[in-house]
Amino acid sequence: MNGEILGHSVQQKALARLAASGKLPTTILFSGIAGVGKFLVAKRLAFSLLCREGAFGGCGHCEYCSLLHAETHPDFFSVQCASKECDIDSLRELLYSLNLKSFFGKNRVVIFNNADELGVQSANLLLKSLEEPRPNTYYILVATHRGSLPPTLVSRCQVWFFDRLADSAVKTLLAGKEAAIQAAGLSLSEVVALADGSLAQVDTLIEKSELWKKLGSTLDQIAAGKVSLAPDLAAELAKDKEHLSESLKLLRLVVRSRMLSATNDEDKARWAICLSNLLTCERAIFERNLAAATVLLSTFLALHSAPQAVSFTTLHNSARLLDNVIV
Ligand SMILES: [Zn+2]
């Protein structure tokens, strides 16, 4: 796995040093927002541990690297925790197979991507396995929502944090998508600004450019006082249940961009409160099963109220909120 991964140079250098010196802990958790390259760094680390030369990311030409590139290395496992391959029986089988000696008698690496999607039962099974370390077996857990993992599991891991990517890195990574961006009626700098250091939403943004433009212009009008548009917008979004989660993420991006580009404190606070309300909305809809049209309507109507007026959550004062908002 040759080639640089943009960003995270501090983490990559430190991991390379630890892997080369044999001091790397056997259980590691990579934590950070989606779309910043955590899984790619995990793969680079895995390749370093399995390459004959021990080169960070793999030397690319030894027999082990060839197997890694062909995805046939018998001592490398990459598990997508959100998929069926990680049901409890498959996981049990995989963990049991780790009791046997590694195929080449050297290191063995298991990456659990989206580890925060492991069910409780699977997480507990994995925890049990981590409590009985096996020689030369490394576990790399990759997670966006570290808080969703059982604390007992997290406490077994050395946690590495991954920040957002710099805009310059996002720009470089978007090379090759210029045509799609242009076709969507967007500019590269607009997408870089909206991406906000992560590639997670970029494709949605490009594919759904019509929708987010419409959301932006409708929300602008509601904020300016045309509240009669709010019920229709809420109803329209709520109707498409299948894509509701995606639409709400897009809505957050729109609101966040308005917050960042607001030119006065009052507008900044207005959009910041709206952003906070949207997060509450998502929990209300997906965790408490409340009617999406109703909670969205409350949020849209609150957008027109003065920022100091009662918001949907009534929890935050705007200054604190601006310091703490995480999307
Ligand atoms: Zn190699």
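What you see below is based on every heavy atom in this structure, not just the backbone, and it leaves out hydrogens, waters and symmetry mates. One-based numbering, in listed order, for ligands and for the atoms of each. Nothing fancy with the numbering, it's 1 onward along the sequence.
For the Zn ion (ligand 1), the count of nearby protein N/O/S atoms, taking only those under 2.8 Å, is 4.
The hydrophobic cluster analysis finds V120 isolated: no Ile, Leu, Val, Met, Phe, Trp or Tyr side chain comes under 4.5 Å of it, directly or through other members. Hydrophobic clustering, defined by side-chain heavy atoms of Ile, Leu, Val, Met, Phe, Trp and Tyr closer than 4.5 Å, groups Y64 together with L67, F103, F104.
Across G58 and F47, no two heavy atoms sit closer than the pair N-CB, 3.9 Å.
Sorted by first and then second residue, the pairs that involve residues 161-197 and meet ring-ring contact (aromatic ring centres under 6.0 Å, His included), not counting sequence neighbours, are H8-F162, F30-F162.
Screening I33, T172, V170 against L165 for a side chain to side chain contact (heavy atoms under 4.5 Å, CB included) leaves a single residue, V170.
With a 6.0 Å radius and a threshold of 12 heavy atoms from other residues, nucleotides or ligands, E210 has its CD atom at or below the threshold.
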